[in-house]
Every structure is written in structure tokens, then in C-alpha cells.
Enquirer: 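Please read through the structure below; I'll follow up with questions.
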Amino acid sequence: GDGCGHTVLGPESGTLASINYPQTSPNSTVCEWEIRVKPGQRVQLKFGDFDIDDSDSCHSSYLRVHNGIGPTRTEIGKYCGFDLQMDGLITSKSNEVTVQFMSGTHTSGRGFLAAYSTTDKSDLITCLDNASHFSEPEFNKYCPAGCVIPFADISGTIPHGYRDSSSLCMAGVHAGVVSNTLGGQINVVISTGIPYYEGSLANNVTSKVGPLSTSLFTFKTSGCYGTLGMESGVIPDSQITASSVLEWSDQMGKVNIWKPENSRLKRVGPPWAAFISDEHQWLQIDLNKEKRITGIITTGSTLAEYYYYVSAYRILYSDDAQKWTVYREPGMDKDKIFQGNTELYQEVRNNFIPPIIARFFRINPLKWHQKIALKVELLGCQFSIGRAPKITMPPPPPNKNDDKNDDFSDDFIHSVKCLLQTDKTTFTPEIKNTTVTPSVTKDVALAAVLVPVLVMVFTTLILILVCAWHWRNRKKKTEGTYDLPYWDRAGWWKGMKQFLPTKSAEHEETPVRYSSSEISHLRPREVPTMLQTESAEYAQPLVGGIVGTLHQRSTFKPEEGKEASYADLDPYNSPVQEVYHAYAEPLPITGPEYATPIIMDMSSHPSTPLGVPSISTFKAAGNQAPPLVGTYNKLLSRTDSTSSAQALYDTPKGQPGPGTTDELVYQVPQSVAHSAGSKDE
């Protein structure tokens, strides 16, 4: 009738709308649709929009649905109303349905838009549904055929995604996920929106530029959308041929040849162009072996001074370059005509559903602007799955009385040829992936990022362990002969004193005394052990002439109050003398190179002459003895008695050992040594 609007009736699904939808439908119009699906299946009908005038109670304006076709049909229901919400499905009892639309006299009402499919598609949606209608982050839906409609908009493209306000099914056609002629299943993933959505032309659908949105959606597909080597050069020049080549000379006499190898997408310079522009020209690409070809991208000449491009073309494919097959959609008896470019720069993509399995690929231009010229890239992936067994269809038995069976047999044979292509059809596995067009898989890209990061982490850990080991060894080496162990230093000992029993005041005030006879019976290694039996604020001195291991800035500090004397092993076999316990404290960093003198009270020694003052043998810089006049009173004040005393000093640090004749463990003043010598005589 005259009231039919947008209509696509596919073998398993389709879309139908009233005339002038979504504007007000005209008065006094009628349209009737007859829908058939495969025998044994039933039809389900879903409305995306319904707005029919009901002022006369569905008398002159209405939509009626019938079971069956023809005079034997039975009514399922009659519907009218403004903005009528029809969320449920209307299901038939057979594989045939009749939909009738009547429009009487009215002043408003958009009409309707509906979709249908077989009842096994339980997740059917209409062409008007968009991502904002669903709350799930990921879902599967079935899109009917015919969703490329002029009154729906989409924004975005693959791989970046589509704006959430875009029609799901129309975006699926643009992305190459479903066919507008057949419909199909979509797997939708919702994610966060982006500030800007690009526009492009693909599969006869124009995507517009879109603004910021809160969310976007993409599709999961088989992932077979990588480039096959035209742009990258994987396909050599020798495998790109053409029916003819444009060759001409410019005003300067330079010869220009627009050869087939110039047809690589995004290549700078002129494209391939045919010498003669007619429908018999072609560009052929040899893929070297069978590939799964899922799409094609084309541009025009990309030269502003040569406004050439191809606006429509056919696709042919072959296994041997001798026998060619024209691409057709399943169930169709006409060659598929692909929309090409509308200008010379824009890239236009077309997808093959189902994909082509072939080695040789031809583009046959049918329409062009001025001259046939183009650049191209093929999309697809490697073909490594075994072939399906070759199917040979026997001729159907003649039956002149049943024309319908003949038509059905012809359609079935044609569908088998298109779908299987006998010797080169395979069964496509269901592989889930996003619509991002990778040249390699995401796992490989992830491994390429993770492997270097892991290597860097392990290398860093190894370097840290090596540096720690090296620092520890270096620290051990820095502990010289005169250094105390870390655990035996004064700072550590002071920290541990708080955990020890408190000493009595009497014990702290009483100095520790050792006699020469007690010390003389000890071995050199036992002396430090004995001296450490009593805890003190300062480290214990080395007694008995034993040269111990001291820090290079260590000296001895006598306790305050009464000066403590220090006795060495008596070389003169003197009677037992009292030896006062001394304490040591660290010198400042800028301390002298030689140790502080040790004062010995020799007044009680029997071999010491009376009246002999304490003499200092302090070794000054330059290895010269300092004058004794200025130091006599100072040294005398450090003795315990008022009697004359003699002071002995230990060997300066860093000097040779006791093997030399003029430096001993303790230097004895000359007067003492002389007196001792006289006694021996």
C-alpha cells in the first residue's frame, strides 16, 4: 500500500515502520506486510515506538497483527493509542505473520516502528534501542536486519567506541559486527565516556562527530581485523597488478605512471589509476596464501589537483586467479555493491559478513568521479583452520507442479554456494575480543610491557643485595687494629646500663685497685678480662704493660677527686704496690696523634733516689723532647704524694715496637735508668 515506510524483511529478522516515521503519518493511507520465516519456526514482533491516533477508538487508525497470510489468517490483536508502551513481544502460532497499518483522518501521531525475528532470538531489540536503555556493564542482544535508518544517529567509531546515545544496532553495522541485510548477535561492553567522538563512513553508515558523554560502548568480536600488508609493505609490489595503468606526460614533459603498487593506503604520492575508466577495470592483490579477509578500506587519489575517486565497486575472489567468484551476502541472488568514497581524502571501510576465504582478491570499480583511482588496505587475519568437507549438491528432481519448491531449492543451493564456497569454507570459531583492530593480539602486547618491567625489578633487587653485601664487607675492613667492636663501644654500654642492677654509691666512689703481684700472675689475654669484671662509666684500661687494641682516639681519664695511679709490671722486682683503676674516654676528632701521658708514682719505689722530681718524657713533634722547665709543676700536680716522683709515658701510637733500642713499652727517665745501672754494678 501507500502507507509503508522503512522496510527490510530478512530471512530471520527485519524492520518495518509506517510511512513518514517519525513525523506525522499522512491521512487515509494503508500498508500491509507479509512476513515469512523458515518452516517450523515462529515469528515474534517487538515495537520500538508506537503513536497512533485513538480518537475514534481504533476505528479508522490502527495496527492489526494476524497469524498467517491470506484469507485464512486469524487476528492476534488490534492496537492504537498515543505513546502506547508495548514492551512485551507479540508471538505468532506459525511461521507466517501479516501486519496491517491503517491511517484515517487525524492531526497527530508518528505511527510506529517495529522489529521481528524468529522466536529463538529471545534477546531481540529494535533499531531505536541505545546503550543508555541498559544498566548492565556487558550484555548480549540480537539486532534485526534493516537498522540502517535515516532517522537514527550514531557518534564514534572503532576502536575508540561509540557514544551511549547511539543506536546499538546501527553502530553494530558501522563497526562491521552485524550485517544490515541479515542482522545478528552483538556483545556490548559499557565503559567510561570520552570527551570527543570521531566521525567516519563505514558499511554505508555515516558516524557523526559527538561531544562528551558519561559512558560509551564497544563490541566484542572475533578480533580478525588486522591489516594484511598493503600499507606496511608485507605484500610486495610484484603481487599487486591491475587491468591497466594510467601513463601521461605533464607540461614539463615528465612522464607520470600511476602504477598498481601506488595503491597502498596512506602512501605519499599518486594512487593507482586505470588507463581507461570503465566497468571492466580491476585492481588485483595476491596474498600469497589463503587469508581470512574481513574488510577493506579505500581512499581516492589524495591529490588535491586530481579529484579522482571510486564511489562504488564489486569484490571478486579466487583461489587460483583463474576462476573468480563475485561476493554476495548469504541468501541474496544479487551481487553485493559496496559504497565507496564520496571525496578523495576520507577513508571508507566496508566489512564482509561472512568473511572471504581466498588468496586472490580483486576490486572492480563500478562508479567513479572523473577517473578510476584509489588506494586500498585489506583487513583480516591468518587462515589456519582446516577446511570443511566439500559439499556436492545433487540436482533437485523436476517438479513442474510445485514452483515454490523449485524456488526454494534454487535459493538453498545459492545459499550453500555463498556460505560454504565448496572447497574453501571453514567453520569460524567463536572468539571473544574487543573491536580494537590489532595487528597482534592483546596478550602479546601485554607480555611486551610486563617482561621488561619484571626484568628491571629483578635487576634492581640483585643490585641492592650486591651493594648491601659490598657495604658490609667494606664496613668490616674499616675496623682497624685500634678500633673497638661495634658492640663494645661506650655508647652501646651506656645504653645497656639501664637494664643492669644499680650499683651502690660506695662501690662507685671506691676505685678498683690491683696489685702488681696479681697482675704479674695473669697471662696477657687474661688481663683485659679481669679488668672488665667491674662495670664502670668508662672503658677499662690496659694494665701490666700489655699494649692492647684501642681506638685511635682513645686515652685514659682518671676518676675525679683523688688521682688514680697506674702501675705496670715492675721491671725492678719491686715489692707489691697499689695500682689505681683508671678510666678511658674518647678523644675529640681533632685530638693529638699520640696518646696522653700516663703518670706513674715512683716515689715509693725503693730504687728511686730521694729528691728526684717526676720527669716527663713527652715526645713532641719533630722527635725532639720538650723542655722540662715549663712542665715540671704541671706534672707534679698530678701525683698522689708531695714527694718527688718520676713519670713514665707509653710508646706513642704508630711508633715501632719494643724491638728498638731507644723506645720501649714505657720510656724510663734517664736518671732512673742510670741509677738502676749503678745498682747492678
Side-chain angles (χ1 to χ4, degrees), residues 1-37 41-119 121 124-129 142-152 167 169-170 180-181 183:
D2 56 357
C4 301
H6 173 76
T7 302
V8 175
L9 303 181
E12 292 186 350
S13 64
T15 301
L16 54 150
S18 59
I19 189 171
N20 207 32
Y21 179 87
Q23 306 301 323
T24 303
S25 59
N27 294 329
S28 304
T29 58
V30 61
C31 183
E32 194 171 279
W33 294 268
E34 295 179 351
I35 302 172
R36 292 184 180 90
V37 296
Q41 295 183 334
R42 294 184 299 162
V43 180
Q44 59 184 5
L45 195 66
K46 182 179 180 65
F47 288 92
D49 188 18
F50 193 98
D51 188 56
I52 298 177
D53 184 12
D54 61 350
S55 58
D56 58 354
S57 301
C58 298
H59 179 70
S60 60
S61 298
Y62 57 85
L63 180 76
R64 184 175 289 171
V65 182
H66 300 271
N67 270 316
I69 298 174
T72 59
R73 65 189 184 187
T74 59
E75 183 177 313
I76 297 176
K78 186 178 181 181
Y79 311 95
C80 66
F82 289 110
D83 291 323
L84 183 63
Q85 299 296 323
M86 300 181 65
D87 297 330
L89 296 173
I90 300 174
T91 305
S92 69
K93 296 181 180 179
S94 65
N95 66 320
E96 296 179 339
V97 169
T98 300
V99 178
Q100 185 182 38
F101 170 66
M102 295 293 294
S103 175
T105 302
H106 61 278
T107 57
S108 62
R110 297 183 302 273
F112 76 97
L113 182 140
Y116 75 89
S117 71
T118 55
T119 53
K121 312 294 190 302
L124 173 68
I125 60 175
T126 71
C127 303
L128 299 179
D129 287 313
Y142 183 84
C143 288
C147 278
V148 177
I149 50 181
F151 42 83
S167 166
C169 295
M170 193 170 176
N180 183 58
T181 305

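When a residue number appears, it is its place in the shown sequence, counting from 1.
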Enquirer: So, does Asn95 use its side chain to make a donor-acceptor pair with the main chain of Arg36 at under 3.5 Å?
Expert: no

Enquirer: For the residue pair Leu89 and Leu45, establish whether any side-chain heavy-atom pair is separated by less than 4.5 Å.
Expert: no

Enquirer: Tell me the closest heavy-atom pair linking Lys93 and Asn67, and the distance in Å.
Expert: N-OD1, 2.8 Å

Enquirer: Run the side chain to side chain donor-acceptor pair (under 3.5 Å) test against Ser167 and tell me which residues pass, sequence neighbours left out.
Expert: none

Enquirer: Going by ring-ring contact (aromatic ring centres under 6.0 Å, His included), name the pairs with one or both residues in residues 94-117, residues two or more places apart or in two chains.
Expert: Trp33-Phe112, Phe101-Phe112

Enquirer: Which pair of heavy atoms, one from Val148 and one from Asn180, lies closest together, and at what distance?
Expert: N-OD1, 2.9 Å

Enquirer: Would you call Val65 and Val97 a side-chain contact if the rule is heavy atoms closer than 4.5 Å?
Expert: yes

Enquirer: Judged by atom type as modelled, is there a donor-acceptor pair below 3.5 Å linking the side chain of Thr7 to the main-chain atoms of Gly5?
Expert: yes

Enquirer: Can you find a pair of side-chain heavy atoms, one from Leu128 and one from Asp49, that are under 4.5 Å apart?
Expert: yes

Enquirer: Quick check: does any side chain N or O of Ser103 sit under 3.5 Å from a backbone N or O of Pro26, one acting as donor and the other as acceptor?
Expert: yes

Enquirer: Which atom pair, heavy atoms only, marks the closest approach of Thr98 to Glu34?
Expert: OG1-CG, 4.4 Å

Enquirer: Taking all non-hydrogen atoms of both residues into account, name the closest pair between Ser13 and Tyr142 and its distance.
Expert: OG-OH, 3.5 Å

Enquirer: Give yes when the SG atoms of Cys169 and Cys143 are nearer than 2.5 Å, otherwise give no.
Expert: yes

Enquirer: Tell me whether Arg110 is salt-bridged to Asp53, with the criterion being a basic N under 4.0 Å from an acidic carboxylate O.
Expert: no

Enquirer: For Ile35 versus Ile69, what's the shortest heavy-atom pair and its separation?
Expert: O-CD1, 4.0 Å

Enquirer: For residues 48-118, which residue pairs pass the disulfide bond (SG atoms under 2.5 Å apart) check, not counting sequence neighbours?
Expert: Cys58-Cys80

Enquirer: Would the Tyr62 and Tyr79 ring centres measure less than 6.0 Å apart?
Expert: no

Enquirer: Please assess Gln44 against Ser117 for the test side chain to side chain contact (heavy atoms under 4.5 Å, CB included), listing each intermediate value before the final yes or no.
Expert: CA-CA 6 Å; Gln44 59 184 5; Ser117 71; 3.0 Å; yes

Enquirer: Please report the shortest heavy-atom distance between Ala115 and Pro144, naming the atom on each side.
Expert: CB-CG, 3.6 Å

Enquirer: Hey, is Arg73 close enough to Glu96 for a salt bridge, meaning N to O under 4.0 Å?
Expert: no

Enquirer: Within the 4.5 Å heavy-atom criterion, are Asp54 and Phe82 side-chain neighbours or not?
Expert: yes

